[in-house]
Number of protein chains: 2
Amino acid sequence: MAAREKTTQIRQHIIEATDDLLYRKGFNLMSFSDIANTANVPRGNLYYYFKTKNEVLDAVIKHRLIRTSQMLQDWDRMLPDPLERLKRFARIPVNEMQNIIQYGCPMGSLNTELGKVQYDLKQLSQQQFDVFRSWLVRQFTQWLPHANADALAIHLLVRTQGIATMAHVYEDPQLIEREVTSIDHWLESLADAS
Amino acid sequence: MAAREKTTQIRQHIIEATDDLLYRKGFNLMSFSDIANTANVPRGNLYYYFKTKNEVLDAVIKHRLIRTSQMLQDWDRMLPDPLERLKRFARIPVNEMQNIIQYGCPMGSLNTELGKVQYDLKQLSQQQFDVFRSWLVRQFTQWLPHANADALAIHLLVRTQGIATMAHVYEDPQLIEREVTSIDHWLESLADAS
DNA sequence: GTCTATATGAAGATAGAC
DNA sequence: GTCTATCTTCATATAGAC
């Protein structure tokens, strides 16, 4: 294997290990040493791949953007009906139940943390939401051409973020089940109304 | 003024200054020096009033609990109708618009931050939610005796938390207006259904 | 490319002079 | 009660030997 290729591979390995660490610890409590330990890379060596902690964050978010886009493309392929796709989105908190209860939403918690003081970094975390938002808008537009697709997309994001926050507060799986079911009913009521 | 009394007064002043600082910076990025500067107390002196940073947090949360309880008591006195009280609650994001957009919800963002690693401190922040939750349950019980008051209370908390998170992500005042109006409609639909 | 040693600064916290 | 000096720890980051 070429040396260049190996560097890229290790870099990728660090990014994936940090992705999880970032979620579990948050950005400010995640130290450079933590990253090195988690990725099994000698601490000093890490600086060869990333010069600053912000640079790691940047790489992790870009990685998340790609992963999310791929997931949504898969859904587009697997699910022909926009309503089914939207329901699939709403079920994320159910599928990620244990993580949500322990750590909240990976996107929401990061944005909330960075948004207070690190305004420059917050803009990065906002991009994560943009991917979902524009995908949701496309689904609503396709499904209900005369509705305000962006308002509906934001409403879905509001409710899923609220679920993540409150499920984390009370560590309550049933809260997630109940609220996701309620979203399903809301989506079906939109179908009936049109 | 007695010395004892003065101590209490300065302590209270520190707590109130820290309350705001905690909201704007978050717990982990708020240093002991920050607290001292914001409260205009010499840094070394601060340790006379609070031995650790966690102790300050504890005092600030207790202070918030009292303030919230008083506010809810005021609402109980001012607004005779439970529905009006619930609408008043739902309007908090509108009244606190500028703060929410810049810093998110003071309760939600604190819980999200502490919940990841500082599990012991998270329990403190959970208490803030308990005050609202039990008050909301009382309002729903009084208004709709045969409904699942706790599920309705949680639903309201979910939606207000979601609003705060997403309004902070996109720094969007209109999002708040729209979503709060939507909550109002939901509350009115509950009245019609019963 | 890999790793060690270390510079530098800021944090939380304490001791003790006044 | 008030304030200064300082201890310790841990963070980011760099220089440079191998």
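Predicted model, so just to flag it, every value in this text is computed and none were measured. Order of the sequence lines sets the chain letters (A, B, ...), proteins ahead of strands, with each chain counted from 1. Note that these values count all heavy atoms, side chains included, but never hydrogens, waters or copies made by symmetry.
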**Fill in**
When rounded to whole Å, the CG to P distance for the pair A/Leu29 and D/dT12 reads 11 Å
**Prompt:** So among B/Thr181, B/Ile163, B/Thr160, which one has a side-chain contact (heavy atoms from CB on, under 4.5 Å) with B/Ile176?
**Reply:** B/Ile163
**Message:** I need the CG-C1' distance between A/Asn54 and D/dA11, as an integer number of Å.
**Reply:** 14 Å
**Request:** Tell me which residues in residues 31-41 of chain A put a heavy atom below 4.0 Å from DNA chain D, sorted by number, or none.
**Result:** A/Ser31, A/Phe32
**Prompt:** How many Å lie between CD on A/Glu55 and P on D/dT12, as a whole number?
**Reply:** 14 Å
**Asked** How close or far is atom P of C/dA11 from atom CG of A/Asn28, stated in whole angstroms?
**Response** 13 Å
**Fill in**
side-chain contact (heavy atoms from CB on, under 4.5 Å) test vs B/Val41 passes for just one of B/Asn45, B/Thr38, B/Asn37, namely B/Asn45
**Item:** A/Arg138: partners by salt bridge (charged side-chain N to carboxylate O under 4.0 Å, His left out), with sequence neighbours left out
**Value:** none
Please list, for nucleotides 1-5 of chain D, all pairs of protein and nucleotide N/O atoms separated by less than 3.5 Å.
from, atom 1, to, atom 2, distance (Å)
D/dG1, OP2, B/Thr7, OG1, 2.0
D/dG1, OP2, B/Tyr48, OH, 3.0
D/dT2, OP2, B/Tyr49, OH, 2.7
D/dC3, OP2, B/Asn45, ND2, 3.2

**Item:** Nearest-angstrom distance from the residue atom OH of B/Tyr47 to P of C/dA17
**Value:** 20 Å
**Fill in**
Per salt bridge (charged side-chain N to carboxylate O under 4.0 Å, His left out), B/Asp19 is matched among B/Arg64, B/Arg24, B/Lys62 by B/Arg64
**Linked hydrophobic residues, A/Tyr103 as query - side chain contacts closer than 4.5 Å** = A/Tyr23
**Asked** Which residues pass the salt bridge (charged side-chain N to carboxylate O under 4.0 Å, His left out) test with B/Asp120, sequence neighbours left out?
**Response** none
**Mutual orientation of the aromatic rings belonging to A/His155 and A/Trp186 [parallel < 30°, tilted 30-60°, perpendicular > 60°]** = tilted
Side-chain donor-acceptor distances from residues 77-100 of chain A under 3.5 Å, at least two apart:
from, atom 1, to, atom 2, distance (Å)
A/Arg77, NH1, A/Asp74, OD1, 3.3
A/Asp81, OD1, A/Leu83, N, 3.3
A/Arg85, NE, A/Leu79, O, 2.6
A/Arg85, NH1, A/Gln139, OE1, 2.9
A/Arg85, NH2, A/Asp76, O, 3.2
A/Arg85, NH2, A/Leu79, O, 3.1
A/Lys87, NZ, A/Glu188, OE2, 2.6
A/Glu96, OE1, A/Asn99, ND2, 3.1

**Message:** I need the CG-P distance between A/Leu46 and D/dA11, as an integer number of Å.
**Reply:** 14 Å
